[in-house]
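Worksheet for the structure shown next.
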Amino acid sequence: MLFRGLVGTPQGSGQLGRLRTPFPMCVTRFNLLVLLSGLATSGVLPVSGMRVYTSGEVEAVNGTDVRLKCTFQSSSPITPAMITVSWSFRPLGHGHEESVFYYHERPYPPPDGRFHKRATWAGDIMGRDASIVVHEVKFTYNGTFSCQVKNPPDVHGNAGEVKLNVVTTASFSEIVILAAAIGGAIMLMVIFLVIIMSIRRCRYKRQEEEEGVEELPRRERKDPTVW
């Protein structure tokens with residue numbers, strides 16, 4: 001009767017239901033976790049591991065060459081046959097975006113446009129470098145350059161941006177840095193020459209002293225007035 005009361009009556013069924021309810025929920029959550037892990041491992045879910053880094057802002061004098069630096073990090077192994085690099089340009093104002101450079105196993109410079117024969121490859125894919133050089137910059141190059149790198153399955157990620165500011169002359173800070181570099185180089189050369197001259201003078205003086213010591217006994221032997 002006791003067994004029948006626990007199993008057959010509604011009250012007994014409710015107790016068993018309350019005891020058995022957590023187990024299906026735990027099993028369902030575990031199966032969902034396994035399913036998501038399997039999808040991510042098989043590549044069904046998108047993988048976002050690409051990170052692109054740029055210098056942010058660059059200043060260049062009109063008519064000079066400028067290197068637009070772009071480096072990247074990927075959670076997947078670097079495969080030169082798969083990786084692609086795309087550079088684009090957005091001018092100041094309301095100008096439309098245009099292609100600057102493309103790389104896939106080898107460089108593809110723009111066949112026409114304002115960057116035709118003006119953009120060259122300066123990167124190293126295995127070194128995680130996707131930089132380019134823009135030659136003889138003009139004031140029309142003022143704007144934002146975007147660097148996009150894809151290394152499947154890392155095809156989702158941020159695009160690095162470089163804001164180029166073309167100026168007539170170098171800024172005061174650049175002039176100061178250049179002058180300091182030149183002054184430091186000249187000072188190092190002067191110090192180097194002083195050290196060389198000092199070493200030579202010391203050697204010459206030591207040589208004279210040694211020669212004087214050797215000649216003194218000879219003179220004493222040749223002097224007949226000495227008793």
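Keep in mind it's a predicted model, so treat the numbers as computed, not measured.
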(message) Grouping I, L, V, M, F, W and Y whenever their side-chain heavy atoms are under 4.5 Å apart, do Ile186 and Val194 come out in a common cluster?
(response) yes
(request) Might you point out which heavy atoms bring Lys69 and Val162 nearest each other, and give the distance in Å? (result) O-CG2, 4.1 Å
(message) Ring-plane angle category for Tyr108 and Tyr102, please: parallel below 30°, perpendicular beyond 60°, tilted otherwise.
(response) tilted
(request) Starting at CD of Glu98, measure out to CG of Asp112 and round the result to the nearest 0.5 Å. (result) 9.5 Å
(request) Test side chain to side chain contact (heavy atoms under 4.5 Å, CB included) on Ile83 and Val149 and set out the steps. (result) CA-CA 7 Å; Ile83 198 165; Val149 184; 3.9 Å; yes
(message) Quick check: closest heavy atoms across Asp129 and Ala122, and the distance to 0.1 Å?
(response) OD2-O, 4.1 Å
(request) Kindly compute the distance separating CG (Leu164) from CD (Glu57), expressed to the nearest 0.5 Å. (result) 9.5 Å
(message) Using side-chain heavy atoms (C-beta onward) and a distance below 4.5 Å, is Cys70 in contact with Val52?
(response) yes
(message) Measuring from atom OG1 of Thr84 to atom CD1 of Ile125, what distance do you get when rounded to the nearest 0.5 angstrom?
(response) 9.0 Å
(request) For the residue pair Arg114 and Lys138, establish whether any side-chain heavy-atom pair is separated by less than 4.5 Å. (result) no
(request) Find the distance between NZ (Lys150) and NE2 (His156) and round it off to the nearest 0.5 Å. (result) 8.0 Å
(request) Tell me whether Met82 is reachable from Trp121 by hopping between hydrophobic residues (I, L, V, M, F, W, Y) whose side-chain heavy atoms are closer than 4.5 Å. (result) no
(message) Within the 4.5 Å heavy-atom criterion, are Asp65 and Glu136 side-chain neighbours or not?
(response) yes
(message) Main chain of Pro111, side chain of His116: is a donor-acceptor contact present, judged purely on distance under 3.5 Å?
(response) yes
(request) Tell me yes or no: between the side chains of Glu161 and Thr144, is some donor less than 3.5 Å from an acceptor? (result) no
(message) If you define the side chain from C-beta out and look only at heavy atoms, does anything of Ile195 sit under 4.5 Å from Ser198?
(response) no
(request) Could you state whether Tyr103 and Val133 fall into the same hydrophobic cluster, counting links through intermediate Ile, Leu, Val, Met, Phe, Trp or Tyr residues with side-chain heavy atoms under 4.5 angstrom apart? (result) no
(request) State which residues pass salt bridge (charged side-chain N to carboxylate O under 4.0 Å, His left out) with Glu105; sequence neighbours excluded, sorted by chain then number. (result) none
(request) Taking all heavy atoms of Thr64 and all of Val61, pick out the closest pair and write down the distance. (result) OG1-O, 2.5 Å
(request) Search all heavy atoms of Phe101 against all heavy atoms of Pro110 and return the closest pair with its distance. (result) CD1-CD, 4.3 Å
(request) Measure across Pro109 and Ala119 and return the closest heavy-atom pair with its distance rounded to 0.1 Å. (result) CB-O, 4.2 Å
(message) Assess the residue pair Phe139 and Thr168 against the criterion (side chain to side chain contact (heavy atoms under 4.5 Å, CB included)); give the C-alpha distance rounded to whole Å, side-chain angles, the decisive distance to 0.1 Å, and a yes or no.
(response) CA-CA 9 Å; Phe139 293 110; Thr168 305; 3.8 Å; yes
(request) Look at the side-chain heavy atoms of Ile, Leu, Val, Met, Phe, Trp and Tyr, link any pair under 4.5 Å apart, and say whether Ile78 and Met50 land in one connected group. (result) yes
(request) Assign the ring pair Phe89 / Phe145 to parallel, tilted or perpendicular, where the plane angle (0 to 90°) is split at 30° and 60°. (result) tilted
(request) Show the numbers, then the answer: is there a side chain to side chain contact (heavy atoms under 4.5 Å, CB included) between Val166 and Val66? (result) CA-CA 10 Å; Val166 182; Val66 61; over 6 Å; no
(request) May I ask whether Met126 and Ile132 are part of the same hydrophobic cluster, defined by side-chain heavy atoms of I, L, V, M, F, W, Y residues being less than 4.5 angstrom apart, directly or through others? (result) yes
(request) Of all the heavy-atom pairs spanning Asn151 and Pro77, show the shortest one and how long it is. (result) ND2-O, 3.1 Å
